[in-house]
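So that the names make sense, note that chain A is the first sequence line, chain B the second, and so on, each numbered from 1.
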Amino acid sequence: MSAEATTPRPGGDRPTGVPDKPGLEGLERTWSDRWHGNGTYAFDRSAPRDRVFSIDTPPPTVSGELHVGHVFSYTHTDAVARYQRMSGKSVFYPMGWDDNGLPTERRVQNYFGVRCDPALPYDPDFTPPEKPGKEPIAVSRPNFVALCHQLTEEDERAFEHLWRTLGLSVDWSHTYATISDRAQRVSQRGFLHLLAGGHAYQQTAPTLWDIDFRTAVSQAELEDRDSPGAYHRVRFQRVGSEPGSVDIETTRPELLPACVALVAHPDDERYRPLFGTEVVTPLFGVHIPVMAHELADPEKGSGIAMVCTFGDTTDVVWWRELDLATRAIVRRDGRLGAVPWGEPGWESDDPAAAAANYDELAGRTVKQAQKRIVELLSQSGALIGEPTPITHPVKFYERGDRPLEIVSSRQWFVRTLDLKDRLLARGQELAWHPPYMAHRFASWVEGLSSDWNISRQRFFGVPFPVWYPVDAEGTVDFDAPLLADEDRLPVDPSTDVPDGYTESQRGEPGGFVGDPDVMDTWATSSLTPQIAGGWGTDPDLFDRVFPMDLRPQGHDIIRTWLFTTVVRSELEHGTLPWANAAISGWVLDPERKKMSKSKGNVITPLPLLEQHGADAVRYWAASGRPGTDTAVDEGQMKVGRRLAIKVLNASRFALGRLVDEDGAVTAPGREAVIAPLDRSMLSRLSAVVDEATVAFEGFDYARALERTETFFWSFCDDYLELVKTRAYGDPAQPGPASARSALAQALSTQLRLLAPFLPFVTEEVWSWWQPGSVHTAPWPEPGELTDLGGGGDPAVLEVVSEVLGQIRRAKTGAKRSMRAPVAVLTVTDEPERLAALALAEDDLRDAGGVVDLVTHPGDQATVDVVLADEG
RNA sequence: GGGCCGUUGGCGCAGUUGGUAGCGCACUUGCAUGACGCGCAAGGGGUCGUGGGUUCGAGUCCCGCACGGCCCACCA
């Protein structure tokens with residue numbers, strides 16, 4: 001062993017010899033640099049499709065820090081990638097950064113203390129303040145976008161550092177960002193194809209709207225939150241000859257001016273006589289019809305509901321299906337807008353009174369307006385009783401702070417409702433891991449109630465490659481969009497000019513305007529296989545990697561990322577985007593609570609990596625079953641670290657028998673393995689190889705690890721103990737030669753089995769005695785081991801280990817050292833098992849310190865140990 | 001309301017075609033042993049949520065229920 005052996009030589013091509021004091025410290029830095037320098041994980045793009053394994057890596061959202069949940073799931077994917085690479089596949093394992101969209105905007109706003117005002121001109125000299133001020137500074141859209149780029153680049157460097165420390169075997173030359181020109185080109189091209197195929201359309205329609213972000217959101221971005229509210233009982237007087245009144249209950253009395261009908265169930269006897277008649281709204285004197293609809297629930301409130309434009313999604317359904325009037329009052333900023341009382345659509349019995357009452361509400365937020373209208377209703381006598389407080393589910397944008405409103409606006413949609421059956425069939429065609437995750441997808445598709453809204457009224461995103469002509473009167477013609485030519489992509493319609501126009505015509509009569517919106521972040525993320533695979537720019541690459549083999553992701557984004565990717569692939573290519581979807585679980589905090597920023601229980605991974613080492617953290621992650629929620633468990637990381645240390649020490653021990661005077665490791669050939677104990681061990685190891693391989697083929701990395709680890713510990717505890725005396729013998733003799741060859745075989749195999757999980761320590765040990773990288777070494781095959789001498793009898797190691805265990809038990813029971821000699825060992829067992837024992841009798845004697853061995857055939861297996869006297 | 005997952009020693013989990021309950025952590029005791037004290041050896045500890053059923057035999061298969069978590073739908 002040479003002194004320089006502790007520091008591996010650059011290159012890693014030639015073995016370094018076994019160091020005296022192996023350790024885990026610094027392995028991450030050493031080996032991640034070396035892998036990078038050597039291109040260990042480079043994708044071989046000359047490989048034909050059937051030799052390629054391609055992964056549609058989730059691009060993490062670039063808004064702050066990665067958390068330990070990322071480490072968890074990306075480790076799973078990395079283990080699979082490493083297995084596939086060792087199995088001979090050329091692994092296409094790119095990394096992406098999801099850096100467009102709202103999360104980035106929000107972070108930039110807070111980080112720099114700015115807000116985007118698209119009306120402002122670009123300021124080339126703008127620099128953000130050192131510290132964000134109290135009031136955000138308004139900046140132009142180009143300035144804002146520049147800040148977004150600046151901040152995301154910083155974050156992405158930190159992300160890459162973390163991934164390298166964790167040891168992800170990503171090919172970093174295939175990195176993409178969702179805001180990059182490349183992604184924008186793919187995204188815009190995909191949009192133009194949707195348009196050409198009739199799959200995308202624009203429409204002015206009631207839209208889910210976040211009043212703080214001032215943008216539309218899609219069905220997939222909704223979440224329900226239990227919120228406080230109150231039932232208000234409001235009395236409507238009947239119109240015409242019929243005397244009497246109708247009471248409704250509502251949680252949104254402020255929408256009374258927007259009321260367009262009352263609705264009850266068609267079979268509800270209480271209200272049947274009223275269908276087809278009219279009532280009048282209190283305070284505003286508007287005549288509205290009473291109508292019947294199946295969705296009205298006789299059990300709820302008074303059994304009859306007030307329909308407003310628009311209080312919730314059910315209102316939209318009623319409005320559409322009953323062909324009701326439109327009286328929208330909520331503006332896009334969440335305040336009530338002006339209303340022309342008495343004019344068409346706003347006819348009232350008393351326009352002046354209506355206007356006076358409404359003046360009390362106009363300009364207020366919905367919350368303020370609610371408070372005021374309750375007072376007005378109470379004074380007028382239309383409010384019956386006191387409001388009853390309730391807690392009820394209210395729809396929120398998942399990132400928003402205030403309830404969604406529904407406003408009418410012009411949006412781009414992708415036709416997904418027409419696609420349900422095809423999508424359900426694709427869902428069944430996809431191999432889900434674990435399989436039950438398929439239900440999530442199916443129930444989402446079955447429950448779709450609207451087409452996919454892909455436009456967002458935001459700034460940092462992929463713009464629509466679309467302009468609209470402005471006619472001579474200055475009116476924008478949205479029905480005749482001017483499309484960008486595919487060769488020009490990506491374009492920004494706010495600065496680029498459509499063919500045939502000049503910049504001076506922007507916004508002028510007879511000129512054009514750009515589409516002001518950007519695409520939903522999922523409209524771009526749904527194309528990650530196309531972006532990563534070079535769709536449209538590198539057809540040779542794309543043909544080799546698409547459809548991809550694997551989409552790994554969390555179950556929380558099945559209805560967004562997975563769903564939209566399937567939609568886009570179906571519409572663009574008519575195939576599934578990948579063959580397999582591996583769905584990982586959540587990471588919970590040590591108290592098994594879901595981690596979230598608001599709870600303040602988010603754990604950042606770098607300190608864990610520094611404290612326990614990357615292999616140890618990976619061990620914890622890889623112990624989490626596919627699809628299973630797993631708690632952060634530093635205890636498991638300590639176990640992982642112990643395993644890594646054991647790999648170092650056991651390897652040093654085994655290789656110590658194989659080192660020559662120059663420090664080089666030389667093992668006898670495979671044919672030297674003749675001892676029954678050695679062959680028995682190799683035979684058992686080959687079964688482990690089998691199991692690990694089957695598990696990995698089914699993406700069950702956790703099972704592969706568990707089986708490998710179990711074998712490894714028994715290998716150390718039993719086999720190494722049994723064989724070490726013989727292995728120290730004269731290398732020229734057949735017994736020692738067999739032991740040394742078997743040790744080399746077994747160590748090589750186990751290092752390769754562990755390499756997907758513990759890439760650093762296995763590479764370190766590999767470098768002591770093997771050329772090249774363990775990560776490009778071939779995955780072990782059972783044949784490598786069973787070919788040796790025609791396979792061994794697994795029973796030999798089993799029986800000998802059991803007897804050795806009994807000897808240890810006797811020594812521990814007598815509180816004696818493990819070195820204490822055994823005067824007489826008497827074993828009674830079945831003849832076949834005694835025969836197996838006899839084949840390794842000498843190894844057992846050496847390991848147990850046995851002087852006399854007596855065996856008796858018998859039905860009942862017993863082991864009797866008589867220890868030699870002390871002294 | 002529809003659906004999915006889980007319920008196994010104090011804690012975290014495994015248990016793949018049904019055949020006398022396993023692993024790690026923690027706990028107790030012991031051991032300086034040709035690599036490892038970040039080690040090694042051994043030990044105690046569970047009527048496998050619950051009620052039925054199938055079977056010679058059920059943690060494992062079937063039906064019901066309870067509890068926990070999640071998805072979808074509804075939400076006046």
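Relative to the six-membered ring of Phe757(A), Arg618(A) misses at least one condition, a distance below 6.0 Å or an angle of at most 45° to the axis.
Contacts with RNA chain B (heavy atom under 4.0 Å) in residues 614-634 of chain A: Arg625(A), listed by number.
In this entry rC74(B) has no Watson-Crick or G-U wobble partner, no candidate having both defining distances under 3.5 Å. In this entry rG6(B) has rC67(B) as its Watson-Crick or G-U wobble partner, both defining distances falling under 3.5 Å. Nucleotide rU47(B) is matched to nothing when pairs are restricted to Watson-Crick or G-U wobble geometry with both distances under 3.5 angstrom.
Using the six-membered ring where Trp is involved, Trp586(A) and His555(A) have ring planes that are perpendicular, over 60° apart on the 30 and 60° scheme. Phe653(A) and Tyr728(A) have tilted rings, their planes meeting at an angle from 30° to 60° on a 0 to 90° scale. Ring geometry for His76(A) against Phe72(A) counts as perpendicular: the plane angle is over 60°, on a 0 to 90° scale with 30° as the lower cut. Using cut-offs of 30° and 60° on the angle between ring planes, the pair Phe441(A) and Phe563(A) is tilted.
If you check every strand for non-hydrogen atoms under 4.0 Å, Ala296(A) touches a base. Among the protein residues, Glu446(A) comes within range of no part of the nucleic acid, since none of its heavy atoms lies under 4.0 Å from any strand. No contact: Arg233(A) has no heavy atom under 4.0 Å from any strand. Within the 4.0 angstrom heavy-atom criterion, no nucleotide atom of any strand lies near Ser651(A). At the heavy-atom level, Ile248(A) lies nowhere under 4.0 Å from the strands shown. In this structure, Leu655(A) reaches neither bases nor backbone, as no heavy-atom distance under 4.0 Å exists between it and the strands shown. Using a 4.0 Å heavy-atom cutoff across all strands shown, Lys811(A) reaches no nucleic acid atom at all. Thr812(A) comes within contact range of at least one nucleobase, with a heavy-atom separation under 4.0 Å. Nucleic acid contact class of Asp315(A) (heavy atoms, under 4.0 Å, all strands): none. Contacts of Tyr728(A) with the nucleic acid, taken as non-hydrogen atoms under 4.0 Å apart, include base atoms. Base contact: Leu295(A) has a heavy atom under 4.0 Å from a base atom.
Of the side-chain N and O atoms in Arg816(A), none sit less than 4.0 angstrom from OP1 or OP2 of rA42(B). In terms of phosphate contacts, Lys646(A) brings a side-chain nitrogen or oxygen within less than 4.0 Å of OP1 or OP2 of rC40(B). Applying the 4.0 Å criterion to OP1 and OP2 of rA73(B), one finds that Gln219(A) has a side-chain N or O inside that range. Dashed line: the shortest gap from a side-chain N or O of Arg559(A) to OP1 or OP2 of rC72(B) is under 4.0 Å. OP1 or OP2 of rG43(B) lies within a sub-4.0 Å distance of a side-chain N or O belonging to Arg809(A).
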Candidate pair Glu709(A) and Tyr619(A), rule side chain to side chain donor-acceptor pair (under 3.5 Å), full reasoning: CA-CA 10 Å; Glu709(A) 184 195 8; Tyr619(A) 172 88; 2.8 Å; yes
(request) Take Leu844(A) and Ile807(A), measure what side-chain contact (heavy atoms from CB on, under 4.5 Å) needs, and give me the verdict at the end. (result) CA-CA 10 Å; Leu844(A) 177 64; Ile807(A) 294 172; 4.2 Å; yes
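For His612(A) and Trp620(A), the gap between ring centers reaches or exceeds 6.0 Å.
Rounded to whole Å, the separation between the P atoms of rU8(B) and rG49(B) comes to 6 Å. Comparing rG15(B) with rC74(B), their P atoms sit 37 Å apart, to the nearest whole Å.
Candidate nucleotides rC74(B), rC4(B), rG43(B) were compared by shortest atom distance to the side chain of His439(A), and rC4(B) ranks first.
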